[in-house]
Undergrad: 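Take this structure, written in C-alpha cells, and hold onto it; I'll ask about it next.
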Amino acid sequence: MIQFDHTTARTFIADHELEAMEPQVAAAAKLLDSRSGPGSDFLGWLDLPLKYDRAEFKRIKAAAKKIRRQSEVLVVIGIGGSYLGAKAAVEFCKPTPPLPIRGGRKKHFDLVFAGNSLSASYHSQVLEAIGDRDFSVNVISKSGTTTEPAVAFRLFRQKLEEKYGKTGARERIYATTDKSRGALKTLATQEGYESFVVPDDVGGRYSVLTAVGLLPIAAAGIDIDALMRGAADAVKQYKKPVKENDCYRYAAVRNALHRKGKDMELLVNYEPRCHYIAEWWKQLFGESEGKDGKGIFPASVDFTTDLHSMGQYIQDGRRMLFETVLEIEKPESDFNLFKTGDDLDGLNYLAGKSLDYINKKAAEGTRMAHTDGGVPNLVVRIPEATPYYLGQLFFFFEKACAISGYLSGVNPFDQPGVEAYKKNMFALLGKK
C-alpha cells in the first residue's frame with residue numbers, strides 16, 4: 001500500500017492536536033460513508049472500484065483494442081476532469097519520451113489531448129502532427145455543449161469525415177457522455193457512435209475510474225484491471241479507524257496545518273512522470289475546497305528543477321505554505337555514476353552511487369532545509385510507478401479530499417464558482 005508520513009511535520013503539529021481532531025475526522029467519515037452529508041448525490045465514486053459496471057468495462061477494453069488496431073493516434077477531447085485523470089495516468093505509467101524516438105517505426109501509437117483550451121495554434125499543431133496517419137477520436141463531455149471540447153470536436157469530426165467519409169468516421173468516434181440525454185448523447189445516437197457512460201452520481205474531478213478515464217488509459221496500453229484492483233484495495237484500506245487510516249490522517253494533518261495559517265499546499269515530486277498527477281490533484285482539491293471564502297490553495301512544483309526557480313521563496317518567503325511530497329520508492333530504471341580521470345566537475349565523490357540514490361538524498365536534504373525554514377513537509381510514499389499503485393493513489397486523494405472538505409464545512413462535490421467566467425464569456429461572444 002502507499003503510505004503517508006508526517007514525521008517531519010511533528011515540530012508544527014503535536015500528537016495531542018491530531019488526537020483532538022480524531023472525533024471530527026470520524027464524524028466527517030461517517031457523513032461520507034453513510035451518504036448523509038452535503039453533495040451526497042455525487043458519491044458514486046466512493047464504491048466504484050468494487051461495484052463498477054463489468055459489462056461496460058469489458059466494452060472499454062474491446063474498444064481500446066479496436067482503437068489501437070485501426071489507428072496510430074487517438075485524440076482525446078475533453079477538459080478538466082474529462083482529461084486530467086487520463087493524462088495523469090498515461091504520463092505516470094508510460095511517460096512521454098523527452099525526444100521523439102520514433103524514427104524507422106512504421107506503427108507507433110500516440111495519445112494526444114485536445115479540447116482543453118481554446119488555442120488555435122495548439123489545435124492546428126495537433127492536426128498537422130496527425131498528418132496522414134490513421135486516427136480515432138474519444139470525445140468526453142457530459143452535456144456535449146462545454147465550449148472547449150465542443151469546438152475541438154467540430155474540428156476533428158470534420159477532419160475524420162473528410163478523410164474517411166461519414167460512414168468511416170462513425171467507426172472512429174467514441175463518445176463518453178450522459179447515458180440518456182444531452183447534445184453529445186443525441187448526436188451519438190443519431191450517428192451511431194459507440195458510447196460510454198459518464199455516471200450521474202460521479203462528478204468530473206472524481207471520474208478517472210469511470211469510462212471517462214478508463215477508455216483513453218486502456219487505449220494507451222495500460223492495464224486497467226490492475227488500476228481497478230489497486231483502487232479496490234484502497235477502498236477497503238481506507239475504511240479503517242482514523243489511527244490506522246493514512247487517508248484520514250492526511251486529511252487531518254493538512255487541516256490542522258491550515259488552522260495554523262498554512263493556507264497553501266505544494267504537491268512536490270522528484271520524478272517528471274508525476275507532473276500531471278499534480279495537475280489532476282490541483283483540480284480535485286481546488287474545485288472541491290475552494291468555496292465560501294475557504295480552502296487551502298493547491299499548487300505544485302517539480303523538483304529538483306523548480307528548486308532553481310522557486311526554492312528561494314519556499315525557503316525564505318512568507319510562511320503560509322506546506323509541502324506534500326510524492327516519493328516513488330523503487331525506480332523504473334537506474335544507473336550508477338562513474339569516476340573520470342580529471343574530476344573537473346568535482347563529482348568523483350559520487351562514483352558508485354546510483355542516480356536514484358542521489359535524487360532521494362536531494363529530496364531528503366530539501367525536506368530538512370524546508371522544515372528548518374518553517375515549511376512543514378508531508379510525504380506520500382508510492383512503492384512503484386505501476387497501474388496498481390496509481391489506482392490506490394487516485395482513491396487515496398479522492399477520499400482524503402472529501403473528508404477534508406467536510407472538515408472545512410463546505411460541500412466538496414459542487415462547483416458554483418466556475419459558472420461566473422462562462423456567463424461573461426458567453427455575453428462577450430454574443431451568445432443568446
Side-chain angles (χ1 to χ4, degrees), residues 2-9 11-12 87-99 101 250 254 257 262 264-282 285 297-340 343-386 389-390 393 397:
I2 63 173
Q3 295 181 325
F4 171 69
D5 182 3
H6 74 286
T7 303
T8 57
T11 54
F12 302 91
K87 178 71 170 172
V90 172
E91 289 297 325
F92 184 80
C93 297
K94 291 196 167 185
T96 303
L99 291 173
I101 48 174
Y250 170 59
R254 66 191 302 275
L257 290 169
K262 303 298 184 182
M264 177 184 289
E265 180 175 10
L266 290 177
L267 193 69
V268 177
N269 74 78
Y270 286 80
E271 290 288 347
R273 70 195 314 147
C274 291
H275 176 85
Y276 275 94
I277 296 290
E279 296 301 306
W280 170 83
W281 172 90
K282 284 190 288 189
F285 279 87
F297 185 82
S300 62
V301 285
D302 301 323
F303 286 169
T304 59
T305 304
D306 289 341
L307 285 172
H308 296 261
S309 57
M310 295 295 292
Q312 174 61 40
Y313 189 98
I314 296 169
Q315 187 71 43
D316 286 337
R318 291 180 60 206
R319 302 296 77 188
M320 80 298 194
L321 53 86
F322 66 97
E323 294 170 289
T324 297
V325 181
L326 297 178
E327 181 182 286
I328 299 173
E329 294 184 298
K330 182 180 177 182
E332 183 178 30
S333 57
D334 200 6
F335 53 87
N336 291 343
L337 264 67
F338 49 85
K339 283 188 177 183
T340 62
D343 195 29
L344 291 176
D345 53 16
L347 295 181
N348 274 355
Y349 77 100
L350 295 175
K353 295 180 173 66
S354 77
L355 190 54
D356 184 66
Y357 173 84
I358 296 166
N359 196 28
K360 284 186 167 60
K361 289 304 173 185
E364 185 180 347
T366 302
R367 198 152 58 238
M368 293 166 62
H370 288 181
T371 301
D372 290 345
V375 179
N377 266 240
L378 318 176
V379 182
V380 175
R381 292 196 172 91
I382 308 163
E384 293 182 77
T386 65
Y389 289 116
L390 180 60
L393 188 69
F397 279 133

Undergrad: For the side chain of Asp343 and the backbone of Asn348, is there at least one donor-acceptor N/O pair under 3.5 Å apart?
TA: yes

Undergrad: Going by side chain to side chain contact (heavy atoms under 4.5 Å, CB included), name the residues that satisfy it together with Tyr313, two or more places apart in sequence or in a different chain.
TA: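 Residues passing side chain to side chain contact (heavy atoms under 4.5 Å, CB included) with Tyr313: Arg318, Met320, Leu321.
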
Undergrad: Between CZ of Phe285 and CH2 of Trp280, what distance do you get to the nearest 0.5 Å?
TA: 7.5 Å

Undergrad: At what distance, to the nearest 0.5 angstrom, does CD of Glu265 lie from CZ of Arg254?
TA: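 Those atoms lie 4.5 Å apart.
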
Undergrad: Return the minimal non-hydrogen interatomic distance between Ser300 and Leu266, and the atom names on each side.
TA: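 Heavy atoms of Ser300 and Leu266 come nearest at N-CD2, 4.2 Å.
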
Undergrad: More than 12 heavy atoms of other residues, nucleotides or ligands under 6.0 Å from OH of Tyr276: is that the case?
TA: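 Not buried by this count: 12 neighbours or fewer within 6.0 Å.
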
Undergrad: Run through Arg367, Glu323, His6 and flag the one making a side-chain hydrogen bond (donor to acceptor under 3.5 Å, both in side chains) with Asn377.
TA: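 Result: among Arg367, Glu323, His6, Glu323 is the only option passing the side-chain hydrogen bond (donor to acceptor under 3.5 Å, both in side chains) with Asn377.
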
Undergrad: Is the backbone of Leu307 close enough, under 3.5 Å, to the side chain of Thr304 for a donor and an acceptor to pair up by distance?
TA: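 Here the side-chain-to-backbone pair does not exist.
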
Undergrad: What's the separation between atom CG in Leu355 and atom CG in Asn336, rounded to the nearest 0.5 Å?
TA: 9.5 Å

Undergrad: According to the salt bridge (charged side-chain N to carboxylate O under 4.0 Å, His left out) rule, which pairs have a member within residues 344-363, sequence neighbours left out?
TA: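 Qualifying pairs: Asp356-Lys360, Lys361-Glu364.
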
Undergrad: Kindly give the heavy-atom pair with the smallest separation between Arg273 and Ala385, and that separation in Å.
TA: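 Closest approach of Arg273 to Ala385, heavy atoms only: NE-CB, 3.6 Å.
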
Undergrad: Any idea which heavy atoms bring Arg319 and Gly317 closest together, and the distance?
TA: NE-O, 2.7 Å

Undergrad: Which pair of non-hydrogen atoms, one from Pro376 and one from Lys262, has the smallest distance, and what is that distance?
TA: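 Pro376 and Lys262 have their closest heavy atoms at CD-CE, 3.8 Å.
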
Undergrad: One pair to check against side-chain contact (heavy atoms from CB on, under 4.5 Å): Thr371 and Phe12. What are the steps and the verdict?
TA: CA-CA 9 Å; Thr371 301; Phe12 302 91; 3.8 Å; yes

Undergrad: Could you tell me the separation between the CG atom of Leu257 and the CZ atom of Phe322, rounded to the nearest 0.5 Å?
TA: 5.5 Å

Undergrad: Do the non-hydrogen side-chain atoms of Tyr270 and Thr366 ever get within less than 4.5 Å of each other?
TA: yes

Undergrad: Specify the closest pair of heavy atoms between Phe92 and Cys274, including all atoms of both residues, with the distance to one decimal.
TA: CE1-SG, 4.0 Å

Undergrad: Between Ile382 and Glu327, is any pair of side-chain heavy atoms under 4.5 Å apart?
TA: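 They are not in contact (no side-chain heavy atoms under 4.5 Å apart), so the answer is no.
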
Undergrad: Looking at CG of Leu326 and CZ of Phe303, how far apart are the two atoms once the value is rounded to the nearest 0.5 Å?
TA: 12.0 Å

Undergrad: Would you say the side chain of Ile277 lies within less than 4.5 Å of the side chain of Leu390, judging by non-hydrogen atoms?
TA: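 Counting from C-beta outward, Leu390 and Ile277 do come under 4.5 Å.
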
Undergrad: Looking at Leu350 and Ile358, what are the two nearest heavy atoms and their distance?
TA: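 In this case the closest contact between Leu350 and Ile358 is CD1-CD1, 3.9 Å.
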
Undergrad: With rounding to the nearest 0.5 angstrom, report the CD1 to CD distance, Ile2 to Glu384.
TA: 14.0 Å

Undergrad: Excluding sequence neighbours, so at least two apart, what forms side chain to side chain contact (heavy atoms under 4.5 Å, CB included) with Asp302?
TA: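 If we apply the side chain to side chain contact (heavy atoms under 4.5 Å, CB included) test to Asp302, skipping adjacent residues, the hits are Asn269, His275, Asp306.
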
Undergrad: Could you check whether any side-chain heavy atom of Thr8 comes within less than 4.5 Å of a side-chain heavy atom of His370, counting everything from C-beta outward?
TA: no

Undergrad: Quick one: which of Val325, Ile328, Asp5 gives a side chain to side chain contact (heavy atoms under 4.5 Å, CB included) with Arg381?
TA: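 For Arg381, the side chain to side chain contact (heavy atoms under 4.5 Å, CB included) check succeeds only for Asp5.
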
